[in-house]
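Working notes, beginning with the structure itself.
What you see is a predicted model; the values in this text were computed from it and never measured.
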Amino acid sequence: MTNEDGNTTVDVIVIGGGTGGYSTALRASALGLSVLLAERDKVGGTCLHRGCIPSKAMLHAAELVDGITEARERWGVRASVESVDWSALTATRDDIVSRNHQGVEGHLAHAGVRVVRSGARLTGPRSVRTEDGREFTAARGIVLATGSRPRTLPGLEPDGQTVVTSDDALFAPGLPGSVLVLGGGAIGVEYASFHRSMGAEVTLVEAADRLVPLEDADVSRHLARGLKKRGIDVQTGARLEGAVVEGGIVRATVRTARGELRELKAERLLVAVGRVPVTDGLDLAAAGLATDERGFVAPADWSRLETAVPGIHVVGDLLPPPSLGLAHASFAEGLLVAETLAGVPTVPVDYAAVPRVTYSAPQTAAVGLTEAQAREAAYDVVVNTMPLTAVAKGMVHGQGGTVKVVAERGGRVLGVHLVGPHVSEMIAESQLIVGWDAEPGDVARHVHAHPTLSEAVGEAFLSLAGRGLHQQ
């Protein structure tokens, strides 16, 4: 409804069209609410256009390259990689992204969501103004979903070619012969893995004492071992002391964990040291809001993801921990907020049951508490591990890997942690196990298909239940 002053009133206004924003819009519309979605860029956000989808397309290409090498060296298949046609590879990637983008646009149109191709700023607790000067009012609430951007380092500004962030690494020209990756979280590990598969010399530098430091320590250890086996120079406990770009080459100085200085040079430097929330131009103060010291917009009520200003909700990367900064978590957050605004009974997002995946080679996948977290929480912890090679399909793949289950002694499963080939596709059952507070004996009663990698998960639970056939 538009009044005589040109101000349009809708039920819900969503600022930001990434995964959190468009999932909120679609669900709210399905529940009968009128929705305005303001997005200055393309709907789909970082995940669709610069992150999850294009990177996984590239990693699939990397997996194909690795498969050809394995076919020749392990299986006697006389095949080799003649070359990688970068333009063909990126064309396929871009086609996948484009078709997904068209799909999101189509869903929004079909749902009747009004999409405004513009940024928007708050003018009050229930009102916004778009960049072209239009005024809108939300009868039920406003949802902030403006996402995040890569963190950069002072004095090391990205140029999109030699010094890149995760936003532009996939779109930099050609394949470099050498890469220095700063940051050993999921993003850094995935890009290091991709470039190694494509033949680059790769050095991976992480300031923490292990890779993917938020994951279980055993996961970090197995991951580092797998990456090193592939020829990646993994430096943990190391810090960048300085870097300069000269003649298209990055020259960097890194202090190793032993305190030694190493001089490194690479054709490309990828900065993957985290992401920061985007609140520029939102004018939070106009609605009585402010960010915390880290730049996040914290909810006052996590069960509704509602801020201290009633009717203003937050989803996605604007949320501080325990939100995970993961696209699939933001989908769940969007559903929760839309249902809250529609007056539908809701259940808070259970972040402990949200899976975490790194799509490198080897892959990692986990859900729930790490062993250290479980012990810190004063659980009486029992742990069981099962190598993937304990089952026949693991031998077929020949890439190693392991299953680790963390449980409360005599009680429920607290966490499941996987490393190895295709474990991103194996984590779903563990999500249910942790989310439904299952006990090892509950899982052990279920039969896993033979021969599959998931048998190793089944065997781990059989062993915890005292019924294991392949006890470690």
Would you please name every residue forming a ring-ring contact (aromatic ring centres under 6.0 Å, His included) with [X], sequence neighbours left out?
{"X": "Y359", "value": "none"}
{"X": "Y22", "value": "F331"}
{"X": "H397", "value": "H422"}

For a 4.5 angstrom cut-off between non-hydrogen side-chain atoms, does [X] reach [Y]?
{"X": "P321", "Y": "F296", "value": "yes"}
{"X": "V254", "Y": "V205", "value": "yes"}
{"X": "S193", "Y": "R230", "value": "yes"}

Ignoring hydrogens and geometry, is there a side-chain-to-backbone donor-acceptor pair from [X] to [Y] under 3.5 Å?
{"X": "S323", "Y": "L319", "answer": "no"}
{"X": "S220", "Y": "P213", "answer": "no"}
{"X": "E333", "Y": "V315", "answer": "no"}
{"X": "N100", "Y": "V97", "answer": "no"}

By side-chain hydrogen bond (donor to acceptor under 3.5 Å, both in side chains) - contacts of E131 (at least two apart):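 Result, side-chain hydrogen bond (donor to acceptor under 3.5 Å, both in side chains) vs E131: R40.
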Under 3.5 Å, is there a donor-acceptor pair linking the side chains of [X] and [Y]?
{"X": "D132", "Y": "S118", "value": "no"}
{"X": "S55", "Y": "R50", "value": "no"}
{"X": "T358", "Y": "T364", "value": "yes"}
{"X": "Y379", "Y": "R412", "value": "yes"}
{"X": "T385", "Y": "T402", "value": "no"}
{"X": "Q363", "Y": "S424", "value": "yes"}

Strictly by salt bridge (Lys or Arg N to Asp or Glu O under 4.0 Å), give each pair with a member in residues 180-194 just once, sequence neighbours left out.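 Qualifying pairs, neighbours excluded: K56-E190.
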Listing request: all salt bridge (Lys or Arg N to Asp or Glu O under 4.0 Å) pairs with a residue in residues 272-287, at least two apart in sequence or in separate chains.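 For residues 272-287, and leaving out neighbouring residues, the salt bridge (Lys or Arg N to Asp or Glu O under 4.0 Å) pairs sorted by first residue read R121-D283, R149-D280, D167-R275.
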Do NZ/NE/NH1/NH2 and the carboxylate oxygens of [X] and [Y] come within less than 4.0 Å?
{"X": "K393", "Y": "E455", "value": "no"}
{"X": "R117", "Y": "E39", "value": "no"}
{"X": "R210", "Y": "E215", "value": "no"}

How long is the straight-line distance from OG1 of T92 back to CE of M58, given to the nearest 0.5 Å?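 M58 CE to T92 OG1: 10.0 Å, rounded to 0.5 Å.
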Can you tell me how far CG of L335 sits from OG1 of T346, rounded to the nearest 0.5 angstrom?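 If I round to the nearest 0.5 Å, the distance is 11.0 Å.
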With sequence neighbours left out, write down each residue that passes side chain to side chain contact (heavy atoms under 4.5 Å, CB included) with [X], or none if nothing qualifies.
{"X": "E246", "value": "V244, R251"}
{"X": "R262", "value": "D233, Q235, T256, L264"}
{"X": "Q399", "value": "E70, P421"}
{"X": "H101", "value": "K42, V43, L48, H49, E105"}

Please determine whether the number of non-hydrogen atoms from other residues, nucleotides or ligands lying under 6.0 Å from atom CH2 of W436 exceeds 12.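 Counting neighbours around CH2 of W436, 12 or fewer heavy atoms of other residues, nucleotides or ligands fall under 6.0 Å, so no.
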Going by the rule salt bridge (charged side-chain N to carboxylate O under 4.0 Å, His left out), which residues pair with K404 if we only count those two or more places apart in sequence or in a different chain?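 If we apply the salt bridge (charged side-chain N to carboxylate O under 4.0 Å, His left out) test to K404, skipping adjacent residues, the hits are D216, D218, E371.
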Could you tell me which residues satisfy salt bridge (charged side-chain N to carboxylate O under 4.0 Å, His left out) with E267, sequence neighbours excluded, listed by chain and number?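 Not a single residue meets the salt bridge (charged side-chain N to carboxylate O under 4.0 Å, His left out) criterion with E267.
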